[in-house]
Structures are given as C-alpha cells and as structure tokens.
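Pasting a structure here, questions to come.
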Amino acid sequence: MNGEIVYNTAYNGSKRFTQWNVDHTNATDFGTVLDDYMERGIDLNEQLIRNRPSTFFMKVSGEAMIDAGIFNGDIVIVDRSVKAVNGKIVIAILCGEMLIRRLEKTFNKTRLIPETRKLSPIDIDPSAADFSIWGVVTYCIHAM
C-alpha cells in the first residue's frame with residue numbers, strides 16, 4: 001500500500017473531488033467525448049445549508065402546513081441565524097410547545113398562521129414571556 005487513507009470524523013464537503021476521480025469504463029468508445037462534459041456531483045450540504053452551526057434538521061409532525069407543501073413526516077431545514085420576518089415559515093415555541101407556522105407581523109400584532117383550513121390562526125400577546133421564534137424554515141425535504 002503506497003499511502004494510508006485517514007478518515008476524519010468531520011465532514012469537509014466534496015469540493016476537492018471531481019468526476020475525474022470516479023472510476024469509469026469505456027464500453028462504447030464514447031467515454032472520452034463524454035468525459036469532457038462531466039461535472040462535479042451535487043453536495044446537498046453545500047446547496048442547502050448556509051450557516052452550518054445554526055442549521056438544524058427537524059421532522060414535521062402534523063398537518064398544519066399542508067397547503068404550503070409541508071406534510072406530516074417531512075424533514076425541514078431550520079436556520080436559526082435567519083431573521084424571522086413577516087411571511088416566513090418559522091418554528092415557534094409557544095407555552096413550551098414547538099409549532100411550525102407562517103409568521104404574520106403587523107404594526108401592533110403578531111400571529112402564527114397555519115396553512116390549512118382545519119386550524120385557526122394564533123394571536124400572540126406581545127407581553128407574553130412564553131413565546132419565542134426558534135428559527136426560520138429554509139427548505140423542506142419530502143418523499144414523492
């Protein structure tokens with residue numbers, strides 16, 4: 001063995017690898033032509049995560065956001081460094097319970113709006129100490 005392979009515990013991405021590092025065969029004599037058009041594979045961590053220390057994956061339980069395309073059992077990517085502004089889908093903590101809802105902020109009113117007709121909006125009392133925005137949903141991953 002000419003060199004040792006050392007595996008790190010931390011994920012460093014795939015930027016240092018290209019398709020040229022992948023072994024392939026030339027069974028149809030088109031390999032050399034096609035190899036010119038090969039690109040580096042897609043790394044979903046690089047594509048979907050902007051700020052790694054503040055990003056979390058959460059599994060959705062419930063049907064409060066089905067009209068927004070977020071279904072029971074989906075995985076949402078939540079970034080705690082993104083500012084929660086009007087219209088964003090957020091993870092909110094209300095009375096110790098985590099909720100996924102759309103944030104609606106007006107001049108003197110804050111509401112959590114579900115994206116289903118089965119649930120009603122939640123009006124938030126501004127002086128309530130038991131309410132906070134935990135993070136902003138940036139992506140949703142679900143099976144087809």
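Both backbone and side-chain heavy atoms feed into the values below; hydrogens, waters and symmetry mates do not.
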Original post:
If we ignore angles and hydrogens, is there a donor and acceptor under 3.5 Å between the side chains of S54 and D79?
Top reply: yes
Original post:
Would you say L112 and L103 make side-chain contact, with heavy atoms under 4.5 Å?
Top reply: yes
Subject >> K105 NZ to R111 CZ distance, which is reported to the nearest 0.5 Å >> reply: 15.0 Å
Original post:
Looking only at heavy atoms, what is the nearest atom pair of L119 and A64, with distance?
Top reply: CD1-CB, 3.6 Å
Subject >> Audit row: M58, V137, side chain to side chain contact (heavy atoms under 4.5 Å, CB included) steps and yes/no >> reply: CA-CA 10 Å; M58 301 179 87; V137 175; over 6 Å; no
Original post:
So, do L99 and I122 sit near enough that their side-chain heavy atoms are less than 4.5 Å apart?
Top reply: yes
**OP:** Please round to the nearest 0.5 Å and tell me the distance separating atom CD1 of I124 and atom OG of S132.
**Re:** 10.0 Å
Subject >> Partner set under salt bridge (charged side-chain N to carboxylate O under 4.0 Å, His left out) for K118, not counting sequence neighbours >> reply: E63
Subject >> N72 and S61, any side-chain heavy atoms less than 4.5 Å apart >> reply: yes
**OP:** Might you point out which heavy atoms bring I100 and I70 nearest each other, and give the distance in Å?
**Re:** CD1-CD1, 4.1 Å
Subject >> Where I113 and P121 come nearest, the two heavy atoms and their spacing >> reply: CD1-CB, 3.6 Å
Original post:
Taking side chain as C-beta onward, heavy atoms only, is R102 less than 4.5 Å from I89?
Top reply: yes
